[in-house]
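Here is the structure we will look at, set down as structure tokens.
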Amino acid sequence: MTTYITTPIFYVNAQPHLGHAYSTIVADTYARFKRLSGDNVRFQTGTDEHGDKIVQAAEGAGESPQSYVDRISALFRDSWPPLEIEPDNFIRTTDHDHIKNVQAILQKVHDQGDIYFSEYEGLYCQGCERFLTEKELIEGNCPDHLKPPAKIREQNYFFKMGTYQEWLIDHINSNPDFITPARYKNEMLSFLSEPLEDLCISRPTSRLTWGIPLPFDDKFVTYVWFDALINYLTGLGYPDDEKFATYWPVAEHVIAKDILKPHAIFWPTMLKAMGLEPYKKLHVHGYWNMGEAKMSKSLGNVVGPKEMVEEFGADVVRYFLLRDMSFGLDSSFSAEAVVGRQNSDLANDLGNLFSRSLTMVGKFMDGRVPEPGEPRQIDTALAGACTAMVETYSKEMTDFRFHLALQAVWEVVGKANKYIVENAPWDMVKDEEQKRHLGTVFYYLLESLRIIALAVEPIMPSAAAKMRAGLGVDNRGDLATLAAWGRLAPGTAITKPEPLFPRMEKKKGGQQPAKKEKNPAKGKEKAPEGLITFEEFGRVELRVAEIIGAEKIKKSDRLLKLTVRAPEERVIVAGIAEHYQPEDLPGRRVIIVANLKPAKLMGVPSQGMVLAAKDGDRLVLAQVPAEVAVGSRVA
RNA sequence: GGCGAUGUAGCUCAGUUGGUUAGAGCAUACGGCUCAUAUCCGUAGUGUCCGGGGUUCAAUUCCCUGCAUCGCCA
């Protein structure tokens with residue numbers, strides 16, 4: 001069997017974050033699982049480096065687009081090894097081969113008549129340097145520049161996507177696993193129930209030069225998807241390399257839900273137009289929220305892969321992300337949740353099981369794998385559980401239900417712990433009659449651990465390697481062979497390693513919901529009506545912020561749009577327009593609620609609120625002196 | 001505005017093709033063991049299964065409606 005698994009190529013206008021890491025860990029885990037299953041596997045990731053946002057970001061950073069994309073692309077590439085992610089190929093859309101082949105494909109599709117030249121009329125904002133959709137406008141204005149966009153005409157090239165609509169609907173219906181999980185398939189089918197518009201695939205060089213020139217018209221560059229999606233082909237050396245012939249028809253793409261439409265609609269129709277088979281499967285996952293809030297730069301709650309590895313280590317991060325998210329749904333990330341998984345699942349259940357088993361083999365079995373005797377019911381039950389687990393595990397891994405795969409493994413971990421208690425080897429040793437079962441007990445225990453290590457390998461490569469080393473086994477061979485019961489050779493020397501996973505303290509000052517109450521009853525007490533507990537108050541995060549900008553919101557008498565530093569920059573809409581003039585506000589230090597759920601007011605997203613006192617008809621901002629540092633907590 | 005999804009124990013979720021006591025993990029309390037990373041095993045709970053209405057001998061499960069959250073579309 002052959003497997004080609006990809007992540008999206010990540011857009012380099014921002015640094016890598018948790019979401020990128022998740023997609024890539026999923027793809028890596030799947031690649032490792034397929035390799036373990038004996039497949040010929042290729043795993044590709046990379047970066048998307050063209051377009052106007054890149055030019056803007058480069059300008060903002062004061063460097064050329066090329067040096068900017070080189071720098072950020074390297075950030076992505078370097079994020080993966082610490083997470084034990086090992087792609088076979090890292091593609092960049094600025095690679096020469098990619099550019100050359102994108103042009104060849106454009107030429108081909110153009111030659112056969114699926115690309116045409118046409119005029120487009122749209123709402124263009126000078127400030128944003130882009131077209132806006134009706135939907136984005138607020139009261140007819142650009143939301144960022146508060147000016148009406150100009151209606152302008154622009155000529156561009158279009159891809160006749162609509163030609164392939166019926167074919168695509170049919171393909172999705174006759175291949176139920178083409179888009180998974182099913183909710184996303186349904187979403188796309190519903191989208192396809194309306195006629196497809198053709199896809200604009202160019203930008204005039206008068207507006208954008210940082211892109212791949214169209215081969216048939218050098219006054220235009222390729223726009224976004226016709227450049228980006230094709231990476232999945234050019235990364236295989238399309239059209240001539242034999243890698244293409246080997247890996248293309250089996251391609252599986254991992255994406256987050258935000259780029260569902262390009263992958264589920266644009267990409268298959270593009271492939272069809274090129275005369276190629278569509279990919280095999282699209283695996284769509286949800287978002288990681290930070291606690292309650294969405295992850296966003298302006299909220300300053302973006303977690304980078306680097307910090308996560310430094311704090312928890314690759315194995316724990318990988319385990320947590322795969323175990324805690326139901327693939328396809330959104331999930332929430334918090335340091336507390338990671339520590340919880342690490343302590344209970346990893347340290348207590350698996351780590352301690354491994355540790356206690358090897359210690360006893362050292363103590364009671366002379367540090368060698370014993371010869372098993374005649375198994376009793378309790379022994380064969382454990383072996384049966386392992387075999388059943390491998391089957392469930394394989395199925396769930398294949399279907400991208402990683403949390404269920406891991407759940408199945410941990411059921412066996414639990415059974416093994418129980419097996420120890422039920423046998424109580426420390427008592428067996430003392431009883432001549434019982435003693436003869438001891439070898440069987442430890443053989444079955446060690447075999448279970450060997451099989452658990454095997455299952456855990458794609459998710460936690462380091463921990464699995466430690467377990468293998470301790471058990472004195474290797475992982476050469478495929479899953480079906482290795483998972484067979486009884487491969488562990490009696491007489492093999494066992495060496496107890498350092499603990500697999502350390503226990504972590506529940507951590508971190510500030511946000512921490514206070515450690516255990518001395519009087520536990522008190523913690524649960526509900527506050528009398530009308531009062532809140534200290535803990536409830538503690539959830540409100542008040543901070544000092546400096547107003548750095550203020551403007552009126554059109555059509556609103558009461559609202560001002562404030563830009564503040566807290567210390568990160570954020571926008572807060574405040575109902576103080578009747579009491580303060582915008583020009584009087586910059587420089588003032590006020591108190592804001594920093595962890596208020598973001599909301600839209602008159603179409604303007606607001607991240608927090610400003611405290612003010614209401615004195616009759618007057619409204620007075622709660623201010624603090626300038627010597628108080630911006631960002632200070634107020635309590 | 002249209003379409004759809006979700007709403008179950010303190011938390012994260014599973015489940016019920018309608019039928020006696022609605023489940024798992026975590027968290028909590030108590031008990032047991034001592035090989036182990038103060039770990040493991042056992043026991044104990046609590047739920048208007050979002051609100052309202054309907055169908056039915058019987059609804060958390062089906063239907064309608066409302067509310068909340070989220071997604072897609074316009």
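Below, chain A is the first sequence line, B the second, and so on; all start at residue 1.
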Can you sort out the partners of A/Q434 under side chain to side chain contact (heavy atoms under 4.5 Å, CB included), two or more places apart, ordered by chain and number?
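Side chain to side chain contact (heavy atoms under 4.5 Å, CB included) list for A/Q434, sorted by chain: A/M428, A/D431, A/H437.
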
Between [Y] and [X], do the side chains contain a donor N or O and an acceptor N or O under 3.5 Å apart?
| X | Y | answer |
| --- | --- | --- |
| A/Y419 | A/D379 | yes |
| A/S355 | A/K496 | yes |
| A/W267 | A/H253 | yes |
| A/R503 | A/N352 | no |

Describe the nucleic acid contact of [X] in one word from base, sugar-phosphate, nothing, applying a heavy-atom distance below 4.0 Å.
| X | value |
| --- | --- |
| A/S355 | base |
| A/L260 | nothing |
| A/P499 | base |

Below 4.0 angstrom from OP1 or OP2 of [N], is there any side-chain N or O of [X]?
| X | N | value |
| --- | --- | --- |
| A/K496 | B/U37 | yes |
| A/K415 | B/C41 | no |
| A/R503 | B/A38 | no |
| A/N417 | B/U39 | no |
| A/K363 | B/A36 | yes |

Please report, rounded to the nearest Å, how far the [atom2] atom of [N] is from the [atom1] atom of [X].
| X | N | atom1 | atom2 | value |
| --- | --- | --- | --- | --- |
| A/K185 | B/A5 | NZ | P | 14 Å |
| A/Q407 | B/A14 | CD | C1' | 8 Å |
| A/W426 | B/U39 | CH2 | P | 17 Å |

Fit a plane to each ring of A/F327 and A/F400, take the angle between them on a 0 to 90° scale, and name the class: parallel (under 30°), tilted (30 to 60°) or perpendicular (over 60°).
perpendicular

Pair up each side-chain donor or acceptor in residues 406-417 of chain A with any protein partner under 3.5 Å, not counting sequence neighbours, and list the distances.
from	atom 1	to	atom 2	distance (Å)
A/W410	NE1	A/D345	O	3.0
A/N417	OD1	A/R356	NH1	2.8
A/N417	ND2	A/D349	O	3.4

What residues from residues 445-462 of chain A pass a heavy-atom cutoff of under 4.0 Å to RNA chain B?
none

B/G31 pairs with, by Watson-Crick or G-U criteria that keep both distances under 3.5 Å:
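Pairing partner: B/C41.
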
